[in-house]
Amino acid sequence: KSSATGHDEL
Amino acid sequence: MNIFRLAGDMVHLLSFVVLVLKINATKSCRGISLKTQELYTLVFVCRYLDLFSNFISMYNTTMKIVFLGTSFAILYLMRGHKVIKVTYDREQDTFRYLFLVLPCALLALLIHNAWTPFEVVWTFSIYLEAVAILPQLVLLQRTQNIDNLTGNYVFLLGLYRGLYILNWIYRYFTEPHYIQWIVWISGIVQTILYLDFFYYYIKSWKNNVKLALPS
């Protein structure tokens, strides 16, 4: 899940 | 997405608007560090490598393209525009890239969440963003008569990461298993670098005098 890697932030 | 994240992104976006406005309205990039701008462009290129391979939302993709596009546009104005490029403070903007890029690259090789090229490059962008403002802060200190837009630009850049810290606190309490040590510590370091600037910025604003950093 993307939020688990922090890559959903800019 | 929570209100702190959105506010952070909007403030970040606004900082670009203010910078482009300053450069275009005054046809001058006086007081703006090309080195910081080049480092930010490197940060975005490294961080958004997944632009076309990892779709999160229309919002994310759009913002990434805007940040990349604006960064390259600013580099063009400062390096390629024949009127503006002569206003660049080349002699004052002396910070060495390698002092920032090399330690960040080494740190990314040592401390990361996963040993994949993408993840290491992404981590490098997080470390580099934290310190990329340093050439700009050094240049500000050397520049007499900092104009309002330049001061506002740096203030917005600092405020953006501060708002992200609130976003991380919010996410920590609302999303299960949301732990991001690398991003959090880098973001806190990044915000701390601005504290001295914030102090003088707010002081000049309260006293209604022109911003000047003590050298």
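Naming: A, B, ... by sequence-line order, numbering from 1 per chain. Source: prediction; values computed, not measured.
Shown here is B:Arg142, whose CZ atom has more than 12 heavy atoms of other residues, nucleotides or ligands within 6.0 Å. Crowding of B:Tyr170 atom OH: a count of heavy atoms from other residues, nucleotides or ligands under 6.0 Å not exceeding 12. More than 12 heavy-atom neighbours from other residues, nucleotides or ligands sit within 6.0 angstrom of OH on B:Tyr59. When the shell of 6.0 Å around CD1 of B:Ile3 is examined, it contains 12 or fewer heavy atoms from other residues, nucleotides or ligands.
A side chain to side chain contact (heavy atoms under 4.5 Å, CB included) with A:Glu9 is found for exactly one of B:Arg171, B:Arg47, B:Met1, namely B:Arg171.
One finds the CH2 atom of B:Trp122 at 4.5 Å from the NE2 atom of A:His7 (value rounded to the nearest 0.5 Å).
With a 4.5 angstrom heavy-atom cutoff, B:Asp9 touches chain A only via side-chain atoms. Only the side chain of B:Phe118 has a heavy atom closer than 4.5 Å to any heavy atom of chain A. With a threshold of 4.5 angstrom between heavy atoms, B:Phe44 does not approach chain A through any atom at all.
Proximity of B:Arg5 to A:Leu10: side-chain heavy atoms (C-beta onward) are separated by under 4.5 Å at one or more points.
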